[in-house]
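We use all heavy atoms of the structure for the numbers below, so side chains are in, but hydrogens, waters and symmetry mates are not. For reference, positions follow the sequence shown, starting with 1. Keep in mind the model is a prediction, meaning the values are calculated, not measured.
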Amino acid sequence: MSDTSSSTFTCSDSDFILVFNYISNKINICDPITDINAPLNRDEYDSLDLINLFGWLSEIFNIDIDPADVNMHLRSDSALKDIKELVIKNMTEEFNLDTLKKYDICQ
């Protein structure tokens, strides 16, 4: 995380990349992402991958998005930044490092 002395999750681009890469590694859907603005290669994801990805995001960030509807939220040229904006827009509580530590995301 960008500020390990703070318990606040700022959801900076680097923080979100860390969370995304953690999820993608757990469900084995793509190589690690390093640029928040790079288009996601939708050829690497099938519908089940996207449902799984958004299921994790929904649980971690407590967002209210039906994972079955993810295709309507993402364009074919979506970047990780678009997913981050969707998550931030739908977050229902404040997150901190303790939330992410329970998933072993920030060690």
Side-chain angles (χ1 to χ4, degrees):
M1 307 314 298
S2 56
D3 181 6
T4 55
S5 65
S6 167
S7 64
T8 301
F9 177 63
T10 61
C11 209
S12 68
D13 289 351
S14 60
D15 291 343
F16 196 77
I17 288 171
L18 183 68
V19 172
F20 179 84
N21 285 335
Y22 169 83
I23 294 169
S24 88
N25 183 49
K26 284 287 191 190
I27 59 178
N28 197 27
I29 59 170
C30 68
D31 292 330
I33 301 290
T34 57
D35 180 3
I36 196 111
N37 294 305
L40 297 174
N41 184 356
R42 289 291 299 271
D43 293 336
E44 292 185 37
Y45 308 98
D46 62 23
S47 294
L48 185 56
D49 290 334
L50 290 174
I51 289 170
N52 206 355
L53 170 65
F54 273 84
W56 273 88
L57 290 170
S58 294
E59 181 177 331
I60 290 171
F61 290 103
N62 196 27
I63 58 175
D64 189 20
I65 294 177
D66 185 347
D69 294 335
V70 296
N71 280 324
M72 72 180 201
H73 295 291
L74 298 176
R75 302 176 316 276
S76 61
D77 64 342
S78 290
L80 186 55
K81 187 171 191 141
D82 299 314
I83 294 175
K84 176 187 169 190
E85 290 170 2
L86 182 64
V87 166
I88 289 172
K89 180 176 136 185
N90 289 282
M91 282 173 52
T92 57
E93 64 183 55
E94 185 176 329
F95 292 89
N96 58 44
L97 292 177
D98 291 336
T99 303
L100 298 179
K101 284 179 184 173
K102 84 176 188 182
Y103 293 99
D104 295 326
I105 294 174
C106 49
Q107 296 295 324

Give the cluster check for Leu48 versus Ile23: same hydrophobic cluster or not, with ILVMFWY residues linked at side-chain heavy-atom distances below 4.5 Å. no

From OG (Ser24) to CG (Leu53), nearest 0.5 Å: 8.5 Å

Give, for atom CG of Asp31 and atom CG of Asn25, the distance between the pair rounded to the nearest 0.5 Å. 10.5 Å

Looking at residues at least two apart in the chain, or sitting in another chain, which of them share a side chain to side chain contact (heavy atoms under 4.5 Å, CB included) with Ile17? Asn21, Ile36, Leu80

Could you walk me through whether Phe20 and Val87 satisfy the side chain to side chain contact (heavy atoms under 4.5 Å, CB included) test, starting with their C-alpha distance in whole Å, then the side-chain angles of each, then the deciding distance to 0.1 Å, before giving a yes or no? CA-CA 11 Å; Phe20 179 84; Val87 166; over 6 Å; no

Looking only at heavy atoms, what is the nearest atom pair of Ala38 and Ala79, with distance? O-CB, 3.3 Å

Go through the structure and list residues passing salt bridge (Lys or Arg N to Asp or Glu O under 4.0 Å) with Asp35, not counting sequence neighbours. none

Residues in side chain to side chain contact (heavy atoms under 4.5 Å, CB included) with Asp49, at least two apart? Ile29, Tyr45, Asp46

dist Leu18:CG -> Ile33:CD1 (nearest 0.5 Å) comes out at 13.0 Å

Minimum side-chain heavy-atom gap Phe16-Ile88 below 4.5 Å: no

Restricting to pairs with a member in residues 80-90, which pass salt bridge (Lys or Arg N to Asp or Glu O under 4.0 Å), not counting sequence neighbours? Asp13-Lys84, Arg75-Asp82

Derivation of the side chain to side chain contact (heavy atoms under 4.5 Å, CB included) call for Trp56 and Val19: CA-CA 10 Å; Trp56 273 88; Val19 172; over 6 Å; no

